[in-house]
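In what follows, chains carry the letters A, B, and so on, assigned in the order in which the sequence lines appear, proteins first and then strands, with residues in each chain numbered from 1.
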Amino acid sequence: MLDKNYNPKDFEEKIYERWETDGDFKPDMKSDKDAFCIVIPPPNVTGILHMGHALNYTLQDILIRYHRMLNQNVLWQPGTDHAGIATQMVVERNLAKEGISRHDLGREKFIDTVWQWRKQSGGTICKQLRRLGASCDWSRERFTMDEGLSAAVRKIFVKMYKDGLIYKAKKLVNWDSKFMTAISDLEVIQKETVGKMYYYKYPIEGEESEYIHIATTRPETMFGDTAVAVSKDNEKLKHLIGKNAVLPIINRLIPIIADDHADPEKGTGAVKITPAHDFNDFEVGRRHNLPLINILNPDATLNDNTPFAGLDTQTARQKTIEKLEELGLMEKIEDHPMVIPYGDRSGVVIEPMMTDQWFVDAPKLAKEAIRVVETGDMEFVPKSYEKTYFEWMRNIQPWCISRQLWWGHQMPIWYTEDGTIFCEETEEEAQAAADKHFGRHVTLTRETDVLDTWFSSGLWAFSTLGWPDENSEYLKTFYPTSVLVTAFDIIFFWIARMMMMSMYAMKDVPFRKAYIHGLVRDEQGRKMSKSKGNTVDPMETIENYGADALRFFMAAMETQGRDINMSESRIAGYRNFATKLWNAARFGEMNEARPVKDFDADMVKQAVNKWIVAKAKEATLEVSRNLDSFRFSDAANSVYQFVWGTFCDWYIEMIKPILYGDNETAKQETKATFAWVMDRILVILHPFMPFITTELWDNLAARDDKLIKHTWPQNEVIDEQSAQALDMVIDIISTIRSLRAEMNLPAGAKLKAYVKDASATELLHIKDFANIICSLARLENIEALSGVASSDMVQTVSGSLTILIPLKGVVDFAAERERLQKELAQLDKNLAGYAAKLSNANFVERAPAKVVEEEKRRQSEALANKEKVEAALARIANL
RNA sequence: GGGUGUGUAGCUCAGGUGGUUAGAGCGUUACGUUGACAUCGUAGAGGUCGCAAGUUCGAGUCUUGCCACUCCCA
């Protein structure tokens with residue numbers, strides 16, 4: 001017996017454990033069924049499930065469960081990402097609590113500590129994923145730093161190096177002074193702020209009283225200036241070109257050069273050039289062969305090339321201004337809106353810095369990655385995202401992949417003492433190569449830099465499936481994977497890199513489709529963030545409403561190309577939906593509606609049963625169609641509407657007279673049909689609400705198979721004919737209910753109803769379903785009107801037939817007149833519309849015949865109704 | 001500055017190829033202890049579909065312009 005109340009806590013976790021121990025998430029490698037595979041976007045090991053994850057993983061699980069039930073060979077490949085900076089940060093923070101820095105430990109011990117930490121607390125998010133119901137094959141869980149994936153990283157790296165796609169270069173890069181590492185362009189966040197613009201002047205060499213006026217937001221960088229640029233079209237200043245300016249304070253001479261980077265209209269028209277600390281200036285420097293002077297230490301304090309060595313930039317800026325003021329060179333300071341780059345993880349100001357770094361030749365790799373999207377080998381859903389992708393890929397810059405961190409894949413690069421580079425997968429191979437090259441034994445030191453986390457994530461689609469083992473069964477079966485599901489903000493970080501790396505290594509796309517979803521925002525539509533304090537913890541939501549409710553919410557809200565606003569009331573609504581289903585199942589249980597073996601739904605005789613069978617098949621088809629095209633909300637709403645609106649609101653109510661009646665044959669058939677529909681509901685709802693459906697599946701009957709592996713019905717024949725009679729009945733009942741409400745008829749008043757203008761078939765139906773109509777519309781009786789309508793009858797119209805209810809003494813006929821007048825007005829309005837259309841020669845000529853016919857039909861129907869209403873009005877005119 | 005979206009009921013949002021009286025949930029109003037369910041049922045109110053032109057027999061849907069906002073990239 002089912003419990004009286006739906007209580008998800010009682011069974012959700014238990015059910016998940018059983019699935020997992022039974023191996024239900026594992027693919028069947030012996031089958032030759034179509035393969036369906038999703039690789040999980042690996043969460044950071046440091047991660048804690050947030051609503052964005054909940055959305056992302058719910059959508060994937062829906063697809064996975066659906067395809068598993070379609071009888072395909074399904075793999076959802078799970079794993080986590082080592083998340084270089086994020087993880088190192090977490091572990092360093094822990095160490096700091098004990099007053100230890102990573103340098104105290106040294107590299108090796110620190111890395112040990114990270115692994116230890118990972119062992120202890122790195123599994124949190126995977127546990128949470130289980131709580132959500134994610135049916136990943138955990139036996140295949142991977143980690144971007146595990147042995148297999150590390151081997152893949154080394155292999156690719158060496159191959160790319162040898163192909164000239166990875167190279168070392170001294171370039172200006174984004175320097176994060178907190179972690180003391182380079183980061184990629186993508187990890188830099190540009191923030192708008194109001195800063196200051198400083199105006200001051202440099203003396204000119206050999207000119208007593210002439211100055212060149214400078215405007216800058218960063219005066220402290222002047223010690224790195226190696227030129228002042230002026231446009232050659234700048235009439236006021238061009239006479240200075242070729243002369244030297246004197247850098248104040250340190251009295252170094254720098255040339256005044258002609259370069260269009262200096263816009264005559266902006267600022268003072270003259271720009272100080274600091275090639276080692278500004279991306280634009282770097283380009284100017286290259287055009288003019290200017291020297292580069294680095295003025296910063298790795299921690300972003302000023303170095304010995306300045307008079308303010310050891311000071312941070314802010315303090316140095318103050319000192320510089322003070323000095324300039326002392327020298328009488330400072331002119332003014334103004335507020336100035338500007339954009340400042342920050343590290344996305346560290347939150348500190350990013351400094352452009354000249355360093356030796358390693359780069360991937362992304363522009364070259366991008367070509368194939370662009371081509372396969374152009375040809376449709378990989379499709380974005382929604383399609384509009386391919387624009388974003390192309391935009392980025394066609395303007396892609398070399399990708400800086402080296403990080404001066406400790407936690408990550410150490411680059412397989414070795415140097416000899418003279419700096420010759422050897423790149424091999426192992427130290428032995430590197431040693432051998434080096435020895436061979438020099439013809440003697442040489443000493444090698446390994447590159448200390450590690451790789452950008454996204455380098456290993458870029459291999460995820462094939463490295464998790466077994467690559468570099470080309471014979472891996474999983475790789476052969478599941479690559480390319482079927483679909484990738486991810487948020488749009490990760491297109492550049494991940495999708496782009498996966499596309500490039502996969503095309504390079506596998507010569508094929510990593511996935512056939514990329515489904516891109518939006519962000520989960522708070523109830524007001526603001527971005528969720530810890531600092532705003534508006535985050536909602538999915539675990540808490542699951543605790544309160546059950547995982548099924550949260551999942552259904554995510555599915556029902558997911559419409560392509562739009563963000564989702566969190567809504568507790570809505571989640572509560574889907575919990576209510578689960579309760580509703582639970583109670584419907586209990587109703588079945590109480591009425592002994594148990595599944596009947598070999599029950600053939602196509603053979604039912606009772607009209608209600610025929611009707612619900614057709615509706616159930618229709619709903620199934622809708623869910624399938626919508627899931628096939630990633631229309632999650634439409635799919636969810638199809639089930640919702642069927643379960644609540646069709647099955648509970650109508651079918652259950654309509655079968656009550658049968659169940660409580662004495663026609664045994666009809667009763668048996670109805671019980672069996674009820675059970676069949678209930679099973680069908682469990683099947684088509686399972687991808688969305690796996691827990692409650694499984695709980696009911698297991699409790700309502702002894703089964704031959706598990707719901708999770710039950711076959712999804714396909715290619716069913718739907719008997720649309722059989723649905724019509726009941727649709728008419730529903731219409732009649734609704735019409736009478738409306739009438740009762742509008743006339744304020746007491747709920748308890750049992751009324752008689754008469755039908756007029758009904759066809760023979762309609763009358764037959766009404767006779768057949770009289771008990772249903774009477775019970776649901778609270779009538780005493782319904783029958784065909786014999787003779788003329790009496791003047792005390794209230795009239796309403798349902799479809800083409802007229803329903804009359806005698807109400808002498810019960811009703812206020814003035815109110816009835818008013819109601820009919822209202823109805824008449826509406827009819828007149830519609831009729832005017834039809835007439836206008838149909839009298840328009842253009843419409844009749846050009847619109848498709850079908851549309852014109854339909855319009856005519858509506859017109860005649862409305863006309864007929866109008867006559868009826870007018871007759872009714874005339875009839876009660878004197879009451 | 002370049003690009004991309006969005007604007008529909010009080011709120012949050014649906015409305016693949018243009019075609020009934022524009023839908024849902026929540027909220028709201030009235031009624032209801034109808035033998036699964038008050039985590040419920042029945043009925044209702046509520047919309048100039050951002051604004052203005054255009055294409056079309058017909059526009060929430062297509063085109064153009066404008067306004068407001070979101071996001072991405074400089």
Whether over 12 other heavy atoms sit under 6.0 Å from A:Lys667 NZ
yes
Touch check for A:Asp649, heavy atoms < 4.0 angstrom, all strands: base, sugar-phosphate only, or nothing?
sugar-phosphate
Is there, by distance only and without an angle test, a donor paired with an acceptor across the side chain of A:Glu653 and the base of B:rA36 below 3.5 Å?
yes
Between A:Leu59 and A:His517, is any pair of side-chain heavy atoms under 4.5 Å apart?
yes
Taking atom NZ as the centre, does A:Lys171 end up with more than 12 heavy-atom neighbours from other residues, nucleotides or ligands that are less than 6.0 angstrom away?
yes
Regarding A:Tyr660, tell me which of base, sugar-phosphate or nothing describes its non-hydrogen contacts under 4.0 Å with the strands shown.
base
Using a cut-off of 4.0 Å on non-hydrogen atoms, how would the nucleic acid contact of A:Arg575 be classed: base, sugar-phosphate, or nothing?
base
Indicate, with a heavy-atom threshold strictly under 4.0 Å, whether A:Lys387 touches base, sugar-phosphate, or nothing.
sugar-phosphate
Taking B:rC13 as the reference, what is the distance to B:rG54 when you measure between their C1' atoms (whole Å, please)?
30 Å
Give a yes or no answer on whether the side chain of A:Arg521 reaches the backbone of A:Ile564 with a donor-acceptor pair at less than 3.5 Å.
no
With a 4.0 Å cutoff (strictly under), does any side-chain N or O of A:Arg778 reach OP1 or OP2 of B:rA43?
no
Nearest-Å distance, CD1 (A:Ile564) to P (B:rG25)?
18 Å
With both distances under 3.5 Å as the test, what is the Watson-Crick or G-U wobble partner of B:rG10?
B:rC26
Check the phosphate of B:rC40 against A:Asn576, side-chain N and O only, distance under 4.0 Å to OP1 or OP2. Yes or no?
yes
Mind checking A:Ser738 for me? I need base, sugar-phosphate or nothing, with any heavy atom below 4.0 Å counting as a touch.
sugar-phosphate
